[in-house]
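Below you'll find the structure, written out as structure tokens, and then a few comments.
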Amino acid sequence: MKFTDLNLSQDVLQAISAMGFEEPSPIQAKAIPIAMEHKDMIGQAQTGTGKTTAFGVPLIEQIDENREGIQGLVLAPTRELAIQVAEELNRIGQVKGVRTLPIYGGQDITRQIKALKKRPQIIAATPGRLMDHMKRKTIRLNQIQMVVLDEADEMLNMGFIDDIETILAGITSSYQMMLFSATMPTRIQSLAEKYMNDPEIVKVKAKTMTVKNIEQHYIEIQEKRKFEILCNLLDIHSPERAIVFGRTKKRVDELVGALMKRGYSAEGIHGDISQAKRNQVIRRFKDQTIEIMVATDVAARGLDIKGVSHIYNFDIPQDPESYVHRIGRTGRAGEKGQAITFVTPREISQLKTIEQVTKTKIARQPVPTVSDVIEENKQAAIEDIKKAAEKGDHYEYKQIAENLLEDMDSVTALAAALKLLTKKPDATPVTLSEVPPIRVKKDKGGKKQKRRGSGGHNRRSKGRSRRKYG
DNA sequence: AAAAAAG
């Protein structure tokens with residue numbers, strides 16, 4: 001099947017082909033025709049299945065670019081995701097002239113208000129800031145024709161369901177709705193029942209859900225040795241782009257510091273880092289100014305960055321779902337990817353759970369040693385010499401080399417040069433502070449945790465007492 | 001216990 005079989009406008013087809021797409025992914029092939037008939041739709045699809053284009057194409061097609069007012073609304077759980085969705089929609093809508101504006105917290109609101117005055121037809125938003133605009137009446141939702149809930153289960157996990165309901169209640173026009181979610185918990189189902197009109201359900205089969213082109217391994221390792229081993233792995237793999245996932249914000253900060261101390265180009269991203277900085281880190285990671293991005297789970301979901309060759313779970317993820325999302329940042333668009341998870345002996349049972357739930361075998365890998373690194377560096381030095389020899393711009397060195405060979409034999413000279421070229425592993429000492437252990441959820445059959453009744457908004461008091469030190 | 005999201 002081709003995009004040209006989907007009854008799309010010339011403008012959209014041209015934009016898609018400029019983006020380098022020819023064949024729709026399974027979810028796109030199913031979702032686009034349904035949505036084009038103005039039907040409500042639920043898409044159960046994991047990360048990396050081409051969801052954004054699946055809702056983006058019908059969304060853009062249905063926009064009247066000559067009309068004023070916001071006609072399309074996409075809600076996403078994280079700011080980065082909102083930005084990324086807006087970028088993708090802008091690409092799809094480029095030829096047709098449909099403009100999408102990202103609306104998210106942490107960015108100067110007057111700047112957003114100014115941008116809203118330029119009349120985007122679509123906004124891609126995180127819930128909090130959108131509600132802020134609604135209260136300020138700087139956004140009108142009386143022209144909305146299509147609403148998309150992206151990563152709905154994650155928005156549920158993050159406690160956005162009430163916000164979503166508030167937002168939906170604030171839309172005065174009638175609209176078509178598309179909902180995307182990797183899982184379908186009851187609360188999502190009831191949300192769908194309440195707000196959707198006889199939705200068609202599109203599932204992407206488990207086969208395409210599992211991420212086949214990602215090599216998955218784990219290394220059993222003591223907490224204290226994690227950093228050394230991470231460095232060894234980075235040296236051996238020399239990844240094009242790598243994401244290192246840590247469990248806490250503090251952990252991420254410390255890892256970045258430690259990596260930089262060892263001379264790696266790494267920057268961190270987590271919820272306490274300013275939004276401007278977060279955006280900058282993503283940009284720098286994309287354009288390869290930095291090779292390593294260290295992140296909390298803020299970057300686990302949905303981020304679509306090309307050329308992420310390696311994922312390192314420095315700390316094992318909380319739950320199987322998080323695992324799937326984290327490793328899904330690699331192996332995108334048919335590329336190959338490697339995911340390596342550090343597991344301390346006490347965390348082995350969690351790894352087993354991940355294997356069971358994801359129905360994949362995660363193979364154990366031996367701990368890479370310093371001599372592995374040196375071996376790898378030797379190979380790299382050899383490659384460098386070969387490449388330089390092929391390049392042939394070393395004319396000025398030839399005479400020196402010949403002089404040198406009068407004093408010693410060629411093997412000795414080359415061996416010495418190779419030794420000099422072989423990088424030594426950096427052993428700058430670093431210490432990371434301890435990370436609090438994960439409390440393992442025990443599901444003692446039947447007793448389900450329930451949310452407290454309505455009005456049970458968990459508000460944090462300002463003067464919340466905090467234990468200082470011991 | 002931690003993370004995200006409105007300041």
Side-chain angles (χ1 to χ4, degrees), chain A residues 74-85 102-113 123-139 149-167 170 182 223 243-255 268-279 281-282 294-303 313-326 329 344 346-347 350 433-442 449 457-464 466-467:
Chain A
V74 183
L75 288 176
T78 69
R79 298 167 179 178
E80 279 72 19
L81 222 45
I83 295 168
Q84 184 180 288
V85 166
I103 290 289
Y104 54 91
Q107 192 192 35
D108 180 14
I109 196 158
T110 57
R111 195 174 134 192
Q112 281 178 2
I113 293 169
I123 54 174
T126 48
R129 180 55 71 89
L130 175 56
M131 293 202 316
D132 198 358
H133 278 288
M134 287 165 73
K135 271 186 215 137
R136 292 167 185 250
K137 302 206 187 301
T138 45
I139 277 184
L149 305 184
D150 199 7
E151 306 270 3
D153 50 353
E154 184 59 11
M155 290 203 278
L156 169 87
N157 289 342
M158 285 163 63
F160 285 157
I161 281 284
D162 294 344
D163 293 358
I164 290 171
E165 296 217 26
T166 308
I167 291 164
E223 188 64 52
I243 305 178
V244 179
F245 282 104
R247 214 169 79 73
T248 66
K249 292 181 271 205
K250 189 180 168 201
R251 184 76 144 178
V252 167
D253 289 339
E254 289 189 351
L255 263 170
I269 172 169
H270 62 63
D272 281 354
I273 287 171
S274 80
Q275 192 55 44
K277 179 71 183 168
R278 277 162 66 170
N279 294 355
V281 171
I282 297 229
V294 188
T296 60
D297 275 336
V298 66
R301 286 203 174 226
L303 275 196
N313 288 316
F314 194 78
D315 301 312
I316 193 167
Q318 304 269 36
D319 46 61
E321 237 188 303
S322 165
Y323 177 82
V324 173
H325 282 106
R326 284 182 180 187
R329 298 313 101 224
T344 62
R346 58 190 297 187
E347 291 166 345
Q350 276 161 263
S433 47
E434 284 199 11
V435 72
I438 304 175
R439 198 176 56 199
V440 185
K441 263 192 241 160
K442 281 227 169 108
Q449 255 200 336
H457 219 74
N458 260 345
R459 278 193 51 198
R460 258 177 241 152
S461 65
K462 269 190 185 168
R464 174 188 184 203
R466 232 225 187 104
R467 199 136 70 99

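Numbers restart at 1 for each chain; the letters A, B, ... are given by sequence-line order, proteins then strands. This is a predicted model, so every value here is computed, not measured.
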Selection from [options] that lies nearest to any side-chain heavy atom of [X]:
X	options	answer
A:Phe160	B:dA1, B:dA3, B:dA5	B:dA5
A:Gln318	B:dA2, B:dA5, B:dA4	B:dA2
A:Arg79	B:dA4, B:dA6, B:dA1	B:dA6
A:Thr248	B:dA6, B:dA2, B:dA4	B:dA2

(message) Looking only at the side chains, is there a donor atom on one of A:His270 and A:Asp253 sitting less than 3.5 Å from an acceptor on the other?
(response) yes
(request) Please determine if a side-chain N or O atom of A:Thr78 lies less than 4.0 Å away from the OP1 or OP2 oxygen of B:dA5. (result) no
Can you measure [X] atom [atom1] to [N] atom [atom2] for me and round it to whole angstrom units?
X	N	atom1	atom2	result
A:Arg301	B:dA5	CZ	P	13 Å
A:Asp272	B:dA6	CG	P	14 Å
A:Ile273	B:dA5	CD1	C1'	16 Å
A:Arg251	B:dA1	CZ	P	17 Å

(message) Tell me every residue that passes side chain to side chain donor-acceptor pair (under 3.5 Å) with A:Thr138, counting only those two or more places apart in sequence or in another chain.
(response) A:His133
(message) Which residues pass the salt bridge (charged side-chain N to carboxylate O under 4.0 Å, His left out) test with A:Arg111, not counting sequence neighbours?
(response) none
